[in-house]
Amino acid sequence: MSSASATTATCTSSLSVLGRDVRVPLVTGGEVTYAALDYAASAPALQKVWDDVAAYAPYYGSVHRGAGYLSQLSTDLFEQSRATVAEFLGCREDDQVVFTRATTDSLNLLASVLPEGTRVFVFETEHHASLLPWRGRATTFLDAPRSPRQAVTVLEEALRAAPEGPKLVCVTGASNVTGEIWPVRELAAVAHRFGARIVLDAAQLAPHHPVDIAALDVDWVAFSGHKLYAPFGAGVLAGRADWLREAEPYLAGGGASRKVVRGAEGNGAVEVEWHTNAARHEAGSPNVIGAYAIASACRALTEAGFDALLRRERELIGRLCAGLAEVPEVKVLSLFGEDADRVGVLSFVVEGWNSSHFAAALSAEYGIGVRDGLFCAHPLLRTLLGAEEQEPGECGAPEAAPGEKSLNAVRVSFGAGTPDEHIERFVRAVKELVRDGARWSYRTEDGRCVPDRGADSAAGQG
Ligand SMILES: Cc1ncc(COP(=O)(O)O)c(C=O)c1O
């Protein structure tokens with residue numbers, strides 16, 4: 001970030017975020033404040049999280065392994081953070097909260113503890129983190145439903161036809177592509193009716209909505225700190241203790257083991273007694289700062305109240321949708337239709353535009369950060385776009401001719417601390433780009449569109 005200055009926002013709201021006054025250069029000259037509209041990938045840190053971490057930093061010490069004062073303090077903080085997360089998620093008394101690296105790690109951990117013969121049921125619409133960890137297991141892939149009701153019916157039919165044995169349903173709470181909210185409670189009811197367990201991928205839901213594990217009656221919840229305004233490398237898997245307790249540890253090592261002795265055979269083998277609590281799956285030195293940051297974000301979100309956050313977000317979604325609806329060339333991607341409830345995540349294609357080119361122009365000419373591509377949800381994108389090909393076209397060449405199918409999409413996403421101006425600038429930029437074309441020329445570099453620094457004038461969008 002050569003000419004960008006990175007200072008922190010001074011706003012005192014409990015949900016204010018860092019980076020609101022960061023300025024970035026425009027390829028056309030001058031600079032603007034950065035409009036971070038890629039929360040679905042990684043949200044900015046809450047100021048409160050940053051302050052809490054900074055206040056703790058001098059007291060940082062090892063966890064579960066030191067006799068010193070700061071080690072004791074850090075251990076307490078780590079365990080208190082676990083309790084805070086349990087409260088935030090409305091965990092049942094005997095649920096475990098395991099700190100992981102992120103949602104991907106949480107779901108891979110769960111995959112590693114499934115009892116022998118477990119069949120997994122997963123919609124093809126899932127993020128790859130929910131789709132891929134079950135490889136090597138018996139898996140039933142469910143077709144993309146076209147309404148929340150249909151999602152429930154599709155799952156019900158699949159479970160009814162399933163053979164006996166342990167079953168796990170994996171479902172996302174809010175899509176990272178369409179932002180649409182899934183009928184989690186209803187899916188959980190169906191799963192349990194057929195003796196299946198259910199894990200909720202709350203990576204996109206938890207930053208926007210309350211997630212109550214007991215009220216939703218899901219067996220596990222997974223989410224990532226960096227999407228919940230706490231970007232310090234930690235995530236969570238919370239839920240039923242039995243499968244976690246009965247399985248081999250996710251990682252073998254110190255912290256997970258209670259007692260280790262040389263085997264009686266004397267052949268170099270060792271015998272291990274593993275912990276039965278969350279530590280069983282947290283081998284190695286725990287990420288206390290990551291866990292503390294997540295707990296801080298949970299506290300800040302609870303304190304501010306999700307009602308206020310939701311109200312604000314719905315207002316911004318309404319403005320965004322109304323603005324995009326005025327551009328006939330823009331097609332918003334949706335599984336469940338226009339009226340579906342969604343979080344602040346929306347993807348779209350622009351007729352005649354290469355999505356990478358469009359996103360590059362938003363960044364270089366307007367200082368707006370969005371994401372383009374297939375969003376780690378390739379099967380879903382194929383369904384939504386009706387396109388088989390995935391290779392993006394050359395930059396500058398429209399990916400799809402007018403009336404043809406597009407191959408990639410642009411995603412805009414936001415949340416706590418997003419000012420009106422970011423959404424307004426975004427809608428204005430979309431309108432101007434569609435109407436006037438890009439003001440700069442772009443070239444392809446490592447498969448991405450980037451401004452052509454050698455160019456000094458407009459080249460049109462095509
Ligand atoms: C719905 C969903 N699930 C899982 C993940 C994976 O999260 P992480 O990359 O933090 O492991 C993402 C990331 O974008 C996501 O959107």
Side-chain angles (χ1 to χ4, degrees), residues 36-45 49 85 98-112 120 122-135 142 144 151 168-184 187 198-209 211 216 218 220-239 250 281 287 290-291 293-294 297 333 335-336 340-347 369-381 383-384 408-415:
L37 292 177
D38 195 12
Y39 277 47
S42 284
V49 169
V85 171
V98 182
F99 284 113
T100 63
R101 288 184 297 156
T103 309
T104 304
D105 200 30
S106 300
L107 294 172
N108 276 276
L109 159 58
L110 187 63
S112 78
V120 180
V122 62
F123 286 93
E124 65 164 13
T125 44
E126 293 291 334
H127 187 280
H128 295 170
S130 310
L131 206 57
L132 300 181
W134 327 110
R135 276 161 56 84
L142 308 171
L168 176 76
V169 176
C170 177
V171 69
T172 192
S175 166
N176 69 308
V177 177
T178 65
E180 290 166 329
I181 295 177
W182 281 61
V184 178
L187 291 167
I198 182 165
V199 54
L200 169 62
D201 172 348
Q204 299 296 347
L205 189 65
H208 305 274
H209 261 261
V211 172
L216 291 171
V218 292
W220 291 277
V221 167
F223 71 85
S224 303
H226 71 102
K227 296 184 197 289
L228 194 86
Y229 313 104
F232 290 88
V236 165
L237 177 70
Y250 184 40
H281 298 291
N287 175 1
I294 288 182
L333 304 184
L335 266 184
F336 297 161
D341 203 5
R342 57 150 47 96
V343 298
V345 177
L346 181 145
S347 299
V370 296
R371 182 169 170 191
D372 64 278
L374 297 164
F375 318 124
C376 297
H378 294 184
L380 172 58
L381 263 291
T383 297
L384 290 171
N408 282 294
V410 181
R411 181 180 73 189
V412 53
S413 55
F414 48 90

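Just so you know, ligand 1 is whichever comes first in the structure, and atom 1 is the first atom listed for that ligand.
Neither the backbone nor the side chain of Arg101 comes within 4.0 Å of ligand 1, counting heavy atoms alone. In Thr103, the parts holding a heavy atom less than 4.0 Å from any atom of ligand 1 are both the side chain and the backbone.
If you check the side chains of Gln204 and Ser175, you find no donor sitting under 3.5 Å from an acceptor. Using modelled atom types, one finds a donor on one side chain and an acceptor on the other under 3.5 Å when comparing Asp105 with Tyr250.
Of the polar atoms of Thr104, at least one N or O is found under 3.5 Å from an N or O of ligand 1, judged by distance alone. Looking at Asp105 next to ligand 1, no N or O pair under 3.5 Å apart turns up. Residue contacts with ligand 1: Thr172 is placed with no nitrogen or oxygen under 3.5 Å of a nitrogen or oxygen of the ligand (distance criterion only).
Using bins of under 30°, 30° to 60° and over 60° for the plane-to-plane angle, the ring pair Trp182/Phe336 lands in the tilted bin.
For the atom pair CG of Leu346 and OG of Ser413, the computed distance is 9.5 Å after rounding to the nearest 0.5 Å.
Against a heavy-atom cut-off of under 4.0 Å, Gln204 is close to the following atoms of ligand 1: 1 (C), 14 (O), 15 (C), 16 (O). Atoms of ligand 1 found under 4.0 Å from any heavy atom of Lys227 (numbered from 1 in listed order, with element): 7 (O), 10 (O), 12 (C), 13 (C), 14 (O). Within ligand 1, counting atoms from 1 as listed, the ones closer than 4.0 Å to a heavy atom of Ala203 are 2 (C), 3 (N), 4 (C), 15 (C).
With respect to atom 3 (N) of ligand 1, the closest heavy atom belonging to the protein is Asp201 OD2, 2.5 Å. Of all protein heavy atoms, the one closest to atom 15 (C) of ligand 1 is His127 CD2, 3.3 Å.
Of all the heavy atoms in Leu381 and Gly373, the pair that sits closest is CD1-O, 4.4 Å. The shortest heavy-atom contact between Ala202 and Val221 is CB-CG1, 3.9 Å.
Within a 6.0 Å radius of CZ in Arg371, other residues, nucleotides and ligands contribute more than 12 heavy atoms.
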